[in-house]
Trainee: 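Before we start, here is the structure in question, set down as structure tokens.
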Amino acid sequence: MNVSATMKKFGLEQAFKYLYKDPEKNMVKIMDWADKFAGDEFVTQRKVFREAITDSNHPYYGYIRRVLSDVDPHVMQTVAVNFFINASLIGWPKQEEMREKYQCNIPWAILLDPTSACNLHCTGCWAAEYGNKLNLSYEEIDSIIEQGKELGVYLYIYTGGEPMVRKKDIIRLCEKHSDCVFLCFTNATLIDEAFADEMLRVGNFVPAISLEGSEEATDGRRGAGVYQKVIKAMELLHEKKLVYGISSCYTSANYDSITSDEYYDKLIDLGAYFIWYFHYMPVGNDASVELLPTPEQRLEVYRRIRRLRAEKPLFAMDFQNDAQYVEGCIAGGRRYLHINANGDIDPCVFVHYSDSNIREKTLLEALKSPMLMAYHDGQPFNENMLRPCPMLENPEKLREMVAKTGAHSTDLQSPETVEHLCGKCDSYARCWQPTAEKLWEEESGR
């Protein structure tokens, strides 16, 4: 870490110590300092944040105070320093340097599967296609993180399978890589008090809990009794003053309930700080095409999420419909990639075609491989940022990349041809296009 980075980290740590002495008074003072020293940087963001801490009618006025009162100070400081300093102020410039040096994509975050094993078998879950016998060893995950940090990557996201099957290794990695932030998509049924205490100790692990809406909907997809186990885990995390969020997949069957005011209010009451929305993807030979939202349903999701995050204190991200804010598809290493439990390096958590394995190539070699370079050269896949994906909205693009690079299916249980996968998306892409074009013209003011 260079001198400038060290000073920034020290400054943020001292700011937190000062803030917690008298949060109500010192929030504004710290904002004054930020305005003085930031100059022309982040002007819009600073303006919004100042409004949120000073205007009692602002939806995030209470949210910010809840963060300060309901999150353990050690956890808050650890996550903030690792995310804002290491992953952003230090990591981002290093990534840009590496992109220029190697002329390939360098990710901001790496998703990886510690295991394919799971204690549940949820309907429509792509991870279920892998089976339950694959694992990345502790040493392999450690090596991925070490290689990532050399490229400026300090954010790691566990998927699966159910990552909590590997609790001890997860905590060991949090300890060793105390300068990183670890997010984890989890069904939460394996979160107990002992693990919550370990989370409190390390401070740099944040779960994103899968929830389908109501108890009936959650248990219908995940199994009887799962909803109550999830609620119990959320209550425990809140009691321990830990940061956690929600992950929800919207389908034609549940889109209405999981974008409702009632759902949002329930999550806020339970202490969630963020929610990630994912569009259902028909991945796997047995995937149900009927669960794909109609254009009208997706448009309704688009409008509801924008309204809800403007009105309610819960930070929401819509993985598919927010592509306009990140200039299209972020997969293929542009902002993230996925490494499954067999070591295969997929361009996306939903696109299981690869020509590289972490056991045979370094991370940098994989980023320069034909498949990931095809992503690099093809992005954005559509000028309309509401049609970002080379699979869902532009299936001809994924067909072309797989054929050109010779990438193979990484589903070892039931390999799916790219033609079979994209064939399930062709009709969806055609139907969504007119709606997306009209909406994009409206949003772009054209």
Side-chain angles (χ1 to χ4, degrees), residues 88 91-92 95-100 102-111 151-153 155 157 276-283 292-293 295 298-299 301-302 305-306 317-338 345-355 366-405 407 418 421-422 424-426 428-446:
S88 300
W92 191 273
Q95 293 158 27
E96 288 295 316
E97 177 189 337
M98 295 295 103
R99 290 182 189 115
E100 181 65 26
Y102 296 112
Q103 292 297 298
C104 66
N105 281 332
I106 301 293
W108 179 63
I110 293 177
L111 278 68
L151 298 173
V153 184
L155 177 60
I157 304 175
W276 279 33
Y277 280 103
F278 292 92
H279 186 293
Y280 172 76
M281 300 290 194
V283 178
L292 282 166
R298 179 170 170 178
L299 180 60
V301 168
Y302 173 93
I305 291 176
R306 276 161 174 71
M317 295 163 282
D318 185 343
F319 192 76
Q320 204 67 22
N321 289 331
D322 282 346
Q324 65 191 97
Y325 302 119
V326 290
E327 299 180 335
C329 172
I330 61 172
R334 176 171 171 260
R335 293 292 177 259
Y336 91 95
L337 52 76
H338 173 240
I345 301 173
D346 297 325
C348 176
V349 72
F350 300 114
V351 176
H352 303 162
Y353 299 94
S354 175
D355 58 6
L367 287 163
K368 298 172 74 174
S369 71
M371 185 60 175
L372 296 193
M373 285 304 297
Y375 265 74
H376 173 273
D377 296 341
Q379 291 164 324
F381 294 108
N382 200 302
E383 292 183 1
N384 183 336
M385 297 303 166
L386 294 171
R387 299 173 59 203
C389 180
M391 178 188 80
L392 188 66
E393 293 106 354
N394 306 277
E396 72 283 355
K397 300 286 187 179
L398 183 59
R399 284 187 180 96
E400 179 184 344
M401 288 190 292
V402 171
K404 178 181 176 181
T405 63
V418 70
L421 173 63
C422 292
K424 291 178 288 186
C425 301
D426 286 332
Y428 177 94
R430 285 194 300 271
C431 292
W432 171 244
Q433 180 175 352
T435 302
E437 296 296 345
K438 181 181 179 180
L439 186 57
W440 185 241
E441 287 179 7
E442 293 173 357
E443 290 292 318
S444 302
R446 287 180 279 177

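Quick caveat, the model's predicted, so the values are computed rather than measured.
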Trainee: Report, one line per pair, each donor and acceptor closer than 3.5 Å where one atom sits in a side chain of residues 366-380; sequence neighbours left out.
Mentor:
| unit_1 | atom_1 | unit_2 | atom_2 | d |
| --- | --- | --- | --- | --- |
| Ser369 | OG | Asp355 | OD1 | 3.0 |
| Ser369 | OG | Ser356 | OG | 3.4 |
| Ser369 | OG | Ala366 | O | 2.7 |
| Gln379 | OE1 | Asn105 | ND2 | 3.3 |
| Gln379 | NE2 | Ala331 | O | 2.7 |

Trainee: Return the CD to CD1 distance between Glu100 and Ile106, rounded to the nearest 0.5 Å.
Mentor: 11.5 Å
Trainee: For atom CD of Gln103, decide whether the heavy atoms of other residues, nucleotides or ligands shown that lie under 6.0 angstrom number more than 12.
Mentor: yes
Trainee: How close do Val283 and Phe350 get, heavy atom to heavy atom, and via which atoms?
Mentor: CG2-O, 3.3 Å
Trainee: Who are the salt bridge (charged side-chain N to carboxylate O under 4.0 Å, His left out) partners of Glu396, not counting sequence neighbours?
Mentor: none
Trainee: For Lys424, check salt bridge (charged side-chain N to carboxylate O under 4.0 Å, His left out) against everything at least two apart and list the hits.
Mentor: Glu416
Trainee: Quick one, Val349 with Ile157, criterion side chain to side chain contact (heavy atoms under 4.5 Å, CB included). Give me CA distance, side-chain angles, the key distance, then yes/no.
Mentor: CA-CA 11 Å; Val349 72; Ile157 304 175; over 6 Å; no
Trainee: Quick one: list whatever passes side-chain hydrogen bond (donor to acceptor under 3.5 Å, both in side chains) with Arg399, sequence neighbours left out.
Mentor: Glu419, Asp426
Trainee: Could you report the tightest heavy-atom contact between Tyr280 and Leu292, atom names first, then the distance?
Mentor: O-CD2, 3.5 Å
Trainee: Run the side-chain hydrogen bond (donor to acceptor under 3.5 Å, both in side chains) test against Arg298 and tell me which residues pass, sequence neighbours left out.
Mentor: Asn321, Glu393, Tyr428
Trainee: Given Asp318 and His279, is the side chain to side chain contact (heavy atoms under 4.5 Å, CB included) satisfied, shown in steps?
Mentor: CA-CA 8 Å; Asp318 185 343; His279 186 293; 5.8 Å; no
Trainee: Distance check, rounded to the nearest 0.5 Å: Leu439 atom CG versus Trp432 atom CH2?
Mentor: 6.0 Å
Trainee: What residues form a side-chain contact (heavy atoms from CB on, under 4.5 Å) with Asn382, not counting sequence neighbours?
Mentor: Asn384, Arg387, Asn394
Trainee: What pair of heavy atoms forms the shortest contact from Pro295 to Cys431, and how long is it?
Mentor: CG-O, 3.4 Å
Trainee: Can you tell me how far CG of Leu151 sits from SG of Cys104, rounded to the nearest 0.5 angstrom?
Mentor: 8.0 Å
Trainee: Hey, what do you get for CZ (Arg430) to SG (Cys425), rounding to the nearest 0.5 Å?
Mentor: 11.0 Å
Trainee: Looking only at non-hydrogen atoms, find the nearest pair between Phe381 and Lys397 and report the distance.
Mentor: O-CE, 3.6 Å
Trainee: The criterion is salt bridge (charged side-chain N to carboxylate O under 4.0 Å, His left out); which residues satisfy it with Glu96, sequence neighbours excluded?
Mentor: Arg99
Trainee: Would you please name every residue forming a ring pair (Phe, Tyr, Trp, His ring centres under 6.0 Å) with Tyr336, sequence neighbours left out?
Mentor: none
Trainee: Just to verify, what does Tyr277 make a ring pair (Phe, Tyr, Trp, His ring centres under 6.0 Å) with, not counting sequence neighbours?
Mentor: none
Trainee: With sequence neighbours left out, what residues match Gln324 under side-chain hydrogen bond (donor to acceptor under 3.5 Å, both in side chains)?
Mentor: Arg306
Trainee: Please tell me if the side chains of Gln320 and Pro388 come closer than 4.5 Å, counting only heavy atoms from C-beta onward.
Mentor: yes
Trainee: Residues in salt bridge (charged side-chain N to carboxylate O under 4.0 Å, His left out) with Glu327, at least two apart?
Mentor: Arg334
Trainee: Determine, step by step, whether Tyr302 and Leu386 satisfy the side chain to side chain contact (heavy atoms under 4.5 Å, CB included) criterion, reporting the C-alpha distance in whole Å, the side-chain angles of both residues, the deciding distance to 0.1 Å, and the verdict.
Mentor: CA-CA 10 Å; Tyr302 173 93; Leu386 294 171; 3.8 Å; yes
Trainee: Provide the closest heavy-atom pair for Ala109 versus Val153 in the form atom of the first, atom of the second, distance.
Mentor: CA-CG1, 4.1 Å
Trainee: What are the two closest non-hydrogen atoms of Pro395 and Cys422, and how far apart are they?
Mentor: O-SG, 3.5 Å
